[in-house]
Amino acid sequence: MPTATGKLPGAGRGRRAARPSGDDRELAILATAERLLAERPLAAISVDDLARGAGISRPTFYFYFSSKDAVLLALLDRVVAEADAAMRRVFGTPAAGARDGWARAIAAYYDTFRAHRALTVAWAQARSTSDEVRALWAVVFERWVRQCADAVDAERARGAAPPGLPSRELAVALTSMNERVLYATFSGDGPAVAEEDVVDVLLGIWLSAIYGGPIPD
C-alpha cells in the first residue's frame, strides 16, 4: 500500500522501482486510448501515441494488442460488461412498478455509456470501417434485443401490456433508437436530445410503444 508520502514501501533511494505487470501495461494502454479519444477521433491517434501514453515502446504495444481496433474492441468488451452488470443490478432489485422498472433500466444503460461518451462515439464511427468492431457490436446488440423482447413478452403474458407488434421487431426498433439518441447527444451530430432529458424522452417512447396507454403498476 502507498505510504503517507505516496511512495511505495521499499522504493527509496538505491532501490529499483517495481516494473509494471503485463496487466498494468494493458490497463495503461486502455486508459490512454480512452483519454485520447476524448480529445480526438481514433483516426488521429497512432499506435505510437498509445504506446507513449502508456509508457511503453511500440514493440511492447504489439505484445498486447495487434492494432488500434483491437484496443477499441477491448474497451467495448469492458464497457459492455459494465452495462450488463448495471442491468443485472436493476433486474435483481424489485421495481415499484412497470414505469419504475423500465426507468431504472434505461437510466442504467444511459449512465454507463455517458461515463464513456468518447468511446460510445468512437465505436459508432468505427462500425463503418472495422469489420471486427461491427461484428462484436452485432453480438452485443442481439443480446440486448433478446433481453428486451423477453421483457415485453413477460409484460404481455401477465396482462400488463396489450398484444401488438412482434416483440423482437419492437425490441430492435427501441434498442436502435436508444443507440442513435445517445450517439447524437454525445457527438452533437445533428438534432439531439439534451443530456438531462435523454432518460425521460426514451422512457416515454418505450412506455408508449410497449403499453400503448396508461402504464400499470
Side-chain angles (χ1 to χ4, degrees), residues 23 26-27 30-31 33-34 37-38 70-124 126-127 132-161 164-186 193 195-211 215-217:
D23 285 348
E26 182 174 331
L27 291 173
L30 296 174
E34 184 160 9
L37 283 168
V71 176
L72 202 60
L73 287 167
L75 286 166
L76 178 57
D77 272 334
R78 291 167 65 87
V79 175
V80 166
E82 283 185 36
D84 287 343
M87 295 300 285
R88 284 194 297 272
R89 289 192 294 272
V90 167
F91 290 120
T93 305
R99 173 181 289 274
D100 176 59
W102 288 111
R104 289 195 287 115
I106 291 172
Y109 173 89
Y110 173 65
D111 288 343
T112 299
F113 285 96
R114 180 176 58 178
H116 302 280
R117 58 191 303 146
L119 295 177
T120 302
V121 173
W123 294 321
R127 290 203 302 276
E132 289 181 305
V133 173
R134 185 162 53 250
L136 178 56
W137 184 254
V139 171
V140 171
F141 190 83
E142 174 63 29
R143 184 170 74 249
W144 288 344
V145 164
R146 287 200 304 267
Q147 291 171 348
C148 173
D150 289 346
V152 171
D153 287 338
E155 288 296 89
R156 290 175 176 177
R158 76 182 184 92
L165 295 169
S167 59
R168 176 178 171 77
E169 280 68 18
L170 183 60
V172 168
L174 290 174
T175 306
S176 297
M177 176 191 65
N178 280 10
E179 180 188 354
R180 174 58 198 175
V181 168
L182 263 60
Y183 174 76
T185 296
F186 296 157
V193 178
E195 288 198 32
E196 62 271 20
D197 297 328
V198 166
V199 172
D200 287 341
V201 169
L202 292 177
L203 176 62
I205 297 170
W206 275 66
L207 294 178
S208 296
I210 293 169
Y211 299 98
I215 311 305
D217 292 332

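Nothing fancy with the numbering, it's 1 onward along the sequence. Not measured: the values here are computed from a predicted model.
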Candidate pair R143 and D84, rule side chain to side chain contact (heavy atoms under 4.5 Å, CB included), full reasoning: CA-CA 10 Å; R143 184 170 74 249; D84 287 343; 2.6 Å; yes
D150 vs R146, salt bridge (charged side-chain N to carboxylate O under 4.0 Å, His left out): CA-CA, chis, key distance, verdict: CA-CA 6 Å; D150 289 346; R146 287 200 304 267; over 6 Å; no
Step-by-step side chain to side chain contact (heavy atoms under 4.5 Å, CB included) determination, L136 to D77: CA-CA 9 Å; L136 178 56; D77 272 334; 3.7 Å; yes
Pair W144-N178, side chain to side chain contact (heavy atoms under 4.5 Å, CB included): steps then yes or no: CA-CA 11 Å; W144 288 344; N178 280 10; over 6 Å; no
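Of the possible donor and acceptor atoms, one in the side chain of R134 sits under 3.5 Å from a partner among the backbone N and O of R127. Listed for the T120 side chain is a donor-acceptor partner under 3.5 Å among the backbone atoms of F113.
To the nearest 0.5 Å, atoms CZ (R99) and CG (L207) are separated by 5.0 Å.
Side-chain contact between P166 and L170 is absent, with no heavy-atom pair separated by less than 4.5 Å. The closest side-chain heavy-atom distance from E82 to H116 is below 4.5 Å.
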Would you mind writing out the side-chain donor-acceptor pairs for residues 195-203 within the sub-3.5 Å range, not counting sequence neighbours?
unit_1, atom_1, unit_2, atom_2, d
E195, OE1, R117, NH1, 3.3
E195, OE2, R117, NH1, 2.6
E195, OE2, R117, NH2, 2.7

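Checking W206 against Y211 by side-chain atom types alone, no donor-acceptor pair falls below 3.5 Å.
For A138, there are no side-chain contact (heavy atoms from CB on, under 4.5 Å) partners two or more places apart in sequence or in a different chain.
Smallest separation of non-hydrogen atoms from I210 and A161: O-CB, 3.5 Å.
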